[in-house]
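Sequence lines set the chain letters: A, B, ... in the order given, protein chains first and strands last, and positions in each chain run from 1.
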Number of protein chains: 2
Amino acid sequence: MYSLDKTDTQLLQALSADPRSTFVALADTLGLSRNTVQARMKRLEDSGAFLGFDRRINPAALGYPLTAFIEVHVQQKRLAQIVIDLALIPEIVQAHGMSGQADLLVRVVCTDAADLFRIDGTILACDGVERTETSLAMGEVIPYRLTPLLDRRG
Amino acid sequence: MYSLDKTDTQLLQALSADPRSTFVALADTLGLSRNTVQARMKRLEDSGAFLGFDRRINPAALGYPLTAFIEVHVQQKRLAQIVIDLALIPEIVQAHGMSGQADLLVRVVCTDAADLFRIDGTILACDGVERTETSLAMGEVIPYRLTPLLDRRG
DNA sequence: CCTGAATAGGGCACTCTGCTCACTATTTTT
DNA sequence: AAAAATAGTGAGCAGAGTGCCCTATTCAGG
């Protein structure tokens, strides 16, 4: 496994600060040549340091202003099938398999409280799902970030 | 508030399929002129349909292969200060304020179980934090997606 | 019937990209 | 110590994409 050196970290920092910035701009910022930046970026991509590109879409713009997290308790041996069933529910935007109280942590978006109630029902209706616990997200008090981790590497 | 029409939805679909695709490519795919695509994208940007750009970085590449979710119960009137304190912990990559069982749902990354234990301790040490419940994420069984929602508008 | 919005098509200067090549340091291997 | 791999630099070039401009056409609503 490839491990990042200081220059790589600086690259990632610069990219976090401005994900749109071009190779030319990065080279300029870090005082490297464009070739070097390009080579390192390619290496980072190949090594899997990037999960990909993203133009993040606001669910609210799509008409789903509410986000909720639903803990799902299931019959564990049916887990695989349940995941397949859940994947069919469009309002589920993400799900993690968990080790802990719940078996699954599901993130859903919805139009309003009634919609959330309906989605919860749909989840409960899946064969093998035993119980759910719903929590409405009031806000993202710490928006997703990796900057502090990058900064610590100096 | 601007509401998306069919063409906008198709644009977002095409972008979800390939976030890197250029205006030229989008115009080509949808059978529109480049000017139209550019105009619509600008409108979408201005209307807040995009949350921004992202070159997603793999925390594992940074040396944090583990992800966990920690439910945090707090003295509610100290919530604001607690959020500030939590924001100082670099391993916290995201946090939501919740209405439900817990007051906060915190997402952390860590190097190993011992590291998670330490981070949990740091959270508990914050003034006003009463209790935490930690769950280790075993995997992202449904990766973040908005495609099904977009497709439904078809 | 007229107006305004959306779209299309053309054009132009500029930047970025992907690629290649030659040259220089630095480090590793033999 | 000599040879070889590795990383970086600087230059150049063709192609693609962008941002911006202007104009013509279509079409729905007043």
Side-chain angles (χ1 to χ4, degrees), chain A residues 1-58 60-63 146-147 149-154, chain B residues 1-58 60-63 146-147 149-154:
Chain A
M1 164 120 188
Y2 178 72
S3 106
L4 311 181
D5 67 8
K6 184 162 181 175
T7 307
D8 288 328
T9 307
Q10 289 175 333
L11 266 177
L12 294 179
Q13 279 176 0
L15 274 176
S16 298
D18 177 16
R20 238 184 287 221
S21 73
T22 63
F23 290 173
V24 180
L26 289 174
D28 205 50
T29 309
L30 301 195
L32 298 171
S33 84
R34 180 168 74 96
N35 270 335
T36 306
V37 171
Q38 240 163 330
R40 280 185 175 268
M41 286 295 291
K42 173 154 177 40
R43 203 193 308 154
L44 285 172
E45 288 233 31
D46 293 345
S47 75
F50 290 123
L51 295 176
F53 246 95
D54 232 5
R55 218 188 270 251
R56 290 183 305 134
I57 297 171
N58 188 350
L62 265 41
L146 286 178
T147 325
L149 287 178
L150 288 167
D151 288 346
R152 197 160 59 168
R153 309 180 136 237
Chain B
M1 164 118 190
Y2 177 70
S3 107
L4 311 182
D5 67 9
K6 186 161 180 176
T7 306
D8 288 328
T9 307
Q10 288 176 333
L11 266 178
L12 294 179
Q13 279 177 0
L15 275 175
S16 298
D18 177 16
R20 237 183 288 220
S21 72
T22 62
F23 291 173
V24 180
L26 289 173
D28 207 48
T29 309
L30 301 196
L32 300 171
S33 84
R34 181 170 73 96
N35 271 333
T36 305
V37 171
Q38 241 163 333
R40 280 184 176 267
M41 286 293 292
K42 174 151 175 45
R43 204 194 309 155
L44 285 171
E45 287 234 31
D46 293 347
S47 75
F50 292 123
L51 293 175
F53 248 95
D54 233 3
R55 222 186 270 250
R56 291 184 305 137
I57 298 170
N58 187 351
L62 265 42
L146 286 178
T147 324
L149 287 178
L150 288 168
D151 288 346
R152 197 159 61 167
R153 310 181 134 236

task: With rounding to the nearest 0.5 Å, note down the distance linking CG in A:L150 to CG in A:D8.
output: 11.0 Å
query: Side-chain contact, heavy-atom cut-off 4.5 Å: A:L44 with A:L4?
result: yes
- line: A:K42 NZ to D:dT6 C1', in whole Å, measures 16 Å
message: If you compare all heavy atoms of A:A61 against all heavy atoms of B:A49, which two are closest, and at what distance to 0.1 Å?
response: CB-CA, 3.5 Å
message: Using whole Å, what does the distance between atom P of nucleotide C:dC19 and atom CZ of A:F23 come to?
response: 11 Å
- prompt: Under 4.0 Å between a side-chain N/O of A:T36 and OP1 or OP2 of D:dA7, yes or no?
  reply: no
message: Expressed as a whole number of angstroms, how long is the span from B:M41:CE to C:dA6:P?
response: 17 Å
- prompt: Are any of the side-chain heavy atoms of B:Q13 and B:L30 separated by less than 4.5 Å?
  reply: no
- prompt: What is the distance from CG of B:D28 to P of C:dG9, rounded to the nearest Å?
  reply: 12 Å
- request: Output the single nucleotide from C:dA6, D:dG19, D:dT9 whose closest atom is nearest the side chain of B:R34.
  value: D:dG19
query: Just how far, in rounded Å, is C1' of C:dT17 from CZ of A:F53?
result: 13 Å
- prompt: Over how many whole Å does the gap from B:R20 atom CZ to D:dA16 atom P extend?
  reply: 18 Å
- request: Using the closest heavy atom to pick a nucleotide of DNA chain C for each, name whichever of A:Q38 or B:V37 lands nearer the 5' end.
  value: B:V37
- request: Map A:L32 and B:T22 onto DNA chain D by nearest heavy atom, then report which one ends up closer to the 5' terminus.
  value: A:L32
query: How close or far is atom P of C:dA5 from atom CZ of B:R40, stated in whole angstroms?
result: 15 Å
task: For A:N35 and for A:A25, locate the closest nucleotide of DNA chain C by heavy-atom distance; then report the residue assigned to the nucleotide nearer the 5' terminus.
output: A:A25
- prompt: Is the distance from OP1 or OP2 of C:dA8 to the nearest side-chain N or O of B:S33 less than 4.0 Å?
  reply: yes
query: Between atom CG in B:L26 and atom P in D:dA16, what is the gap in whole Å?
result: 17 Å
- request: Check whether any side-chain heavy atom of A:L149 sits under 4.5 Å from a side-chain heavy atom of A:R152, and report yes or no.
  value: yes
